[in-house]
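A short write-up of the structure that comes next.
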Amino acid sequence: MGASQVVTRFAPSPTGFLHIGGARTALFNYLFARHHGGKFLLRIEDTDRARSTEPAIAAILDGLTWLDFNWDGEVVYQFARAARHAEVANQLLAAGHAYRCYATAEELDAMRAAQRAAKLPMRYDGRWRDRADWPADQPFVIRLRAPQTGSVTIDDLVQGPVTVANAELDDMVLLRSDGTPTYMLAVVVDDHDMGVTHVIRGDDHLNNAFRQLALIRALEWPEPAYAHIPLIHGADGAKLSKRHGALGVDAYRDAMGMLPEAVENYLLRLGWGHGDDEIISRAEAVAWFDLSAVGRGPSRFDMKKLESVNGHYMRAADDSRLVALISPRVEAGIGRALGAADHDILQRSMAELKKRAPNLNDLASSSLFYLRTRPIPMDDAAQRLLASTPIALLSQARQQFAGLEDWSAATVEAAARALAEASGVKLGQLAQPLRAAVTGATQSPGLFEVVETLGRDETLGRIDDALATMQRAAHPDAHQADVD
RNA sequence: GGUCCCUUCGUCUAGCGGUCUAGGACGUCGCCCUUUCACGGCGAAAACACGGGUUCGAUUCCCGUAGGGAUCACCA
């Protein structure tokens with residue numbers, strides 16, 4: 001079955017970080033290979049020595065690892081294969097499928113300027129195609145002797161049959177004058193040598209496919225199947241390029257606090273669908289993925305939907321995993337390292353907290369109040385609420401709670417309800433001030449769950465703090481005397 | 001400009017000639033649940049770009065128009 005095994009590859013150029021569009025291309029390659037029980041290879045296209053960087057390579061590998069798109073075998077570095085690329089170019093030259101071109105950059109610029117002025121398509125005019133009067137000691141490039149008549153049709157697995165006349169294509173450069181290969185040559189040679197059967201890549205390469213096919217035919221190599229997937233656009237409909245603020249996947253992980261499975265699920269649904277399914281597991285994705293269901297038009301990136309999907313996976317995530325993920329953020333928030341007791345509190349509060357956090361950042365900040373040392377900071381809304389609360393009500397609650405036999409969400413709630421009824425107020429009129437006192441905010445997880453997690457001493461202490469502040473506000477003079 | 005590609009609610013999509021008074025999701029709005037915020041539940045507004053064909057019948061097929069995108073390097 002070896003000959004029919006599917007082999008895909010993801011081939012990013014390390015000139016920037018792994019952006020969201022690249023991540024989706026990787027995902028589709030990964031899923032297609034896994035669906036067919038084939039291989040998913042990774043190749044770093046670092047032939048542009050000036051723009052390729054080590055940090056970019058690291059970021060790409062890091063991003064793929066984070067997303068759990070595991071590639072098979074060793075990473076192939078394209079630049080290391082330059083000798084093989086040159087070998088193929090020379091082989092083509094010897095066979096007459098390629099030729100030497102001595103045109104200088106200035107000559108080509110002039111040629112294009114003339115074409116532009118005459119409103120003609122800008123193509124290499126083949127001025128060295130049939131010449132053999134090669135000047136000695138002059139630099140030259142090797143160009144493909146491409147067919148000039150007829151046409152080529154690619155049965156693209158996503159775009160359908162696409163035909164281009166050979167007359168539209170010119171003789172592309174295979175080997176530069178410095179002996180290094182161009183992208184067109186390198187891709188074709190590497191895909192062939194790596195046994196790639198399905199080339200799944202961005203739509204921006206569709207035009208390249210025709211040139212590459214001409215090269216493959218000259219070499220008489222097997223032709224891979226092509227699938228050109230539409231690009232991802234920004235919310236404004238413009239291309240989601242680096243200069244338009246496209247971010248690396250690390251930004252989704254770090255700055256935005258997304259979960260990898262959420263990013264994966266969102267990316268999968270962007271441009272692909274399986275009936276009405278929205279939440280799709282990795283296993284389902286592998287089982288269901290097929291290229292024919294990939295849409296043909298570009299789709300816009302919707303941050304709101306990503307957050308929604310992320311919220312879903314946050315709620316589904318394991319509590320201890322979330323605690324581990326937010327710990328660094330929490331430590332930064334409270335300005336100290338977390339101890340065992342802190343982890344314990346986070347662990348116990350996670351079930352409630354994760355229901356209302358769309359991302360890890362919000363989850364981390366929403367957990368801070370549990371860990372702060374008294375007196376805890378109070379936000380404006382909480383301060384205003386306490387200022388309009390009768391001191392006696394809060395004071396009574398404090399007394400009732402202090403006298404409780406057992407300390408649990410249920411017992412505290414029962415006491416609070418009893419007090420509210422006895423005082424003739426709605427539960428909310430008592431619960432909200434208590435929430436403000438205990439959490440420092442007017443929004444939080446269920447008050448009684450919070451109180452149980454915090455424990456009796458901490459809860460009573462925080463109420464005392466609030467009471468003291470309220471009394472100070474009510475009797476500024478008495479307080480003044482204390483200070484002096 | 002040449003070539004190629006695309007076009008269903010604001011956004012992502014379902015739909016592969018009649019099942020469409022076009023379904024789902026996010027977002028928006030309303031209601032419910034409720035100690036707050038979320039979660040959850042219920043409901044509402046919201047789309048087949050336009051014009052011609054083909055057909056008994058077009059969201060679905062074909063052709064134009066418009067709009068959008070990609071690409072035209074000794075960059076990948």
Side-chain angles (χ1 to χ4, degrees), chain A residues 11-15 45-48 50-52 78 101 103-105 108-109 112 115-116 119-124 139-143 156 158-160 162-165 167-170 172-178 180-184 186-187 202-208 210 228 230-231 233 235 237-239 266 269-279 292-293 295-309 311 315 352-358 366 381 385 413 416-417 420 426-436 439 441-448:
Chain A
S13 57
T15 53
E45 308 212 320
D46 54 352
T47 52
D48 185 342
R51 295 198 299 152
S52 297
Q78 193 161 61
C101 169
T104 63
L108 294 176
D109 285 345
R112 292 194 189 96
Q115 288 169 338
R116 188 196 308 274
K119 302 213 166 175
L120 290 168
M122 289 187 287
R123 294 190 208 105
Y124 174 69
F140 64 89
V141 300
I142 295 181
R143 285 183 185 271
D156 194 278
V158 168
Q159 304 294 340
V162 182
T163 302
V164 166
E168 300 294 332
L169 278 20
D170 61 6
M172 63 182 168
V173 173
L174 263 22
L175 210 60
R176 302 190 186 101
S177 52
D178 65 359
T180 61
T182 60
Y183 159 78
M184 292 289 180
V187 164
D203 205 8
D204 50 338
H205 287 290
L206 180 56
N207 294 289
N208 290 335
F210 295 93
H228 289 92
L231 270 18
H233 287 190
K239 185 183 176 184
Y266 176 72
R269 282 287 291 103
L270 194 59
W272 180 84
H274 183 267
D276 286 341
D277 296 305
E278 295 288 343
I279 297 299
S292 63
R296 308 217 249 171
S299 40
R300 300 185 185 201
F301 191 84
D302 184 353
M303 195 61 199
K304 282 282 178 41
K305 184 139 186 178
L306 205 208
E307 284 222 318
S308 167
V309 173
R315 271 168 256 134
E352 279 295 307
L353 288 176
K354 72 183 181 184
K355 281 198 295 198
R356 60 208 84 208
S366 74
L385 182 68
E413 177 169 359
R417 282 187 186 280
K426 288 184 175 178
L427 181 57
Q429 290 176 274
L430 172 60
Q432 277 303 90
L434 279 170
R435 182 190 313 284
T439 71
T442 52
Q443 302 171 7
S444 80
L447 174 64
F448 303 111

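Keep in mind that what you see is a predicted model, and the values were worked out from it rather than measured. Every chain is numbered from 1 and lettered A, B, ... according to where its sequence line falls, protein lines coming before strand lines.
Rounding to whole angstrom units, CD of residue A:Glu168 and P of B:rC4 are separated by 7 Å. As a whole-Å value, the separation of A:Leu231 CG from B:rG68 P is 17 Å. Atom CG in A:Leu270 sits roughly 8 Å away from atom P in B:rC12 (whole-Å rounding). Atom pair A:Asp276:CG and B:rC12:P shows a separation of 17 Å (rounding to whole Å applied). Atom-to-atom, CG of A:Leu108 to C1' of B:rC72 comes out at 14 Å; the value is rounded to the nearest Å. Computed from coordinates, the A:Arg269 CZ to B:rC12 C1' distance equals 6 Å when rounded to whole Å. As a whole-Å value, the separation of A:Lys119 NZ from B:rU3 P is 14 Å. B:rC72 atom C1' lies 14 Å from atom CZ of A:Phe210, rounded to whole Å.
When the C1' atom is used for both B:rG40 and B:rA22, the distance is 28 Å, rounded to whole Å. B:rU8 and B:rC48 have their P atoms separated by 11 Å, given to the nearest Å. Nucleotides B:rG10 and B:rA38 place their C1' atoms 25 Å apart, quoted to the nearest Å. Using atom P as the reference point in both B:rG67 and B:rU21, the two lie 32 Å apart (nearest Å). A gap of 33 Å separates the C1' atoms of B:rC4 and B:rG23, to the nearest Å. Separation of the C1' atoms belonging to B:rA49 and B:rC6 is 12 Å when rounded to the nearest angstrom. As rounded to the nearest Å, B:rC9 and B:rG53 have C1' atoms that lie 28 Å from one another. The gap from the C1' atom of B:rG15 to that of B:rG51 amounts to 24 Å, rounded to the nearest Å.
A distance-only check finds no donor-acceptor pair linking the side chain of A:Glu45 to the backbone of A:Tyr183 [under 3.5 Å]. Between the side chain of A:Ser308 and the main chain of A:Lys304, no donor-acceptor pair closer than 3.5 Å is present.
Under the Watson-Crick or G-U wobble criterion, with both distances below 3.5 Å, B:rU21 is left unpaired in every strand shown. Taking a pair to require two hydrogen-bonding distances under 3.5 Å in either a Watson-Crick or a G-U wobble arrangement, B:rC42 pairs with B:rG30. Under the Watson-Crick and G-U wobble criteria, each requiring two contacts below 3.5 Å, nucleotide B:rA70 is paired to B:rU3. Within the shown strands, nothing qualifies as a pairing partner of B:rC9 under the Watson-Crick or G-U definition with both distances less than 3.5 Å. Within the shown strands, nothing qualifies as a pairing partner of B:rU59 under the Watson-Crick or G-U definition with both distances less than 3.5 Å.
A:Val162 comes within 4.0 angstrom of sugar-phosphate atoms only, judged by non-hydrogen atoms across all strands, and of no base. Among the atoms of the strands shown, none is found under 4.0 Å from any heavy atom of A:His274. A:Ser366 comes within 4.0 angstrom of no nucleic acid atom, judged by non-hydrogen atoms across all strands. When heavy atoms are screened at a 4.0 angstrom cut-off, A:Ala381 is found touching no nucleic acid atom at all. Among the atoms of the strands shown, none is found under 4.0 Å from any heavy atom of A:Thr180. Within 4.0 Å (heavy atoms only), A:Met184 reaches at least one base atom of the nucleic acid.
Of all nucleotides listed (B:rC5, B:rU3, B:rC26), B:rC26 comes nearest to the side chain of A:Asp302. In this structure, the nucleotide among B:rA76, B:rC6, B:rC74 sitting nearest to the side chain of A:Arg143 is B:rC74. Set against B:rA76, B:rU13, B:rG24, the side chain of A:Glu278 has B:rG24 as its closest nucleotide. When each of B:rU11, B:rG27, B:rA76 is scored by its nearest atom to the side-chain atoms of A:Lys304, the top-ranked nucleotide is B:rG27. Checking B:rG2, B:rC5, B:rC12 against the side-chain heavy atoms of A:Arg296 singles out B:rC5 as nearest.
For A:Asn208 against B:rA76, a side-chain N or O and a base N or O form a donor-acceptor pair under 3.5 Å. A donor-acceptor contact under 3.5 Å links the side chain of A:Ser177 to the base of B:rC74.
Considering all non-hydrogen atoms of both residues, A:Asn208 and A:Met184 come closest at OD1-CE, 2.9 Å. Of all non-hydrogen atoms in A:Leu430 and A:Ala420, the two that sit nearest each other are CD2-N, 4.3 Å. Contact between A:Gly160 and A:Arg296 at its shortest, heavy atoms only, is N-NH1, 3.9 Å. Closest heavy-atom contact between A:Ser177 and A:Val141: N-CG1, 3.5 Å. The minimum heavy-atom distance linking A:Ser299 with A:Gly271 is given by the pair OG-N, 4.1 Å.
Here the straight-line distance linking atom OG1 of A:Thr47 with atom CD of A:Gln78 works out to 5.0 Å at 0.5 Å rounding.
In terms of phosphate contacts, A:Arg112 brings a side-chain nitrogen or oxygen within less than 4.0 Å of OP1 or OP2 of B:rA73. Proximity of A:Ser308 to the phosphate of B:rA25: no side-chain N or O atom is located under 4.0 Å from OP1 or OP2.
Between A:Thr182 and A:Met122, it is A:Met122 whose nearest contact on RNA chain B lies nearer the 5' terminus.
For A:Arg315, the CZ atom counts as densely surrounded, since its 6.0 Å shell holds more than 12 non-hydrogen atoms of other residues, nucleotides or ligands.
If you check the side chains of A:Arg112 and A:Gln115, you find no donor sitting under 3.5 Å from an acceptor.
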If a protein heavy atom is under 4.0 Å from the base, mark B; if only from the sugar-phosphate, S; if neither, -; do that for nucleotides 29-50 of chain B going 5' to 3'.
-> ------BBBBSS----------
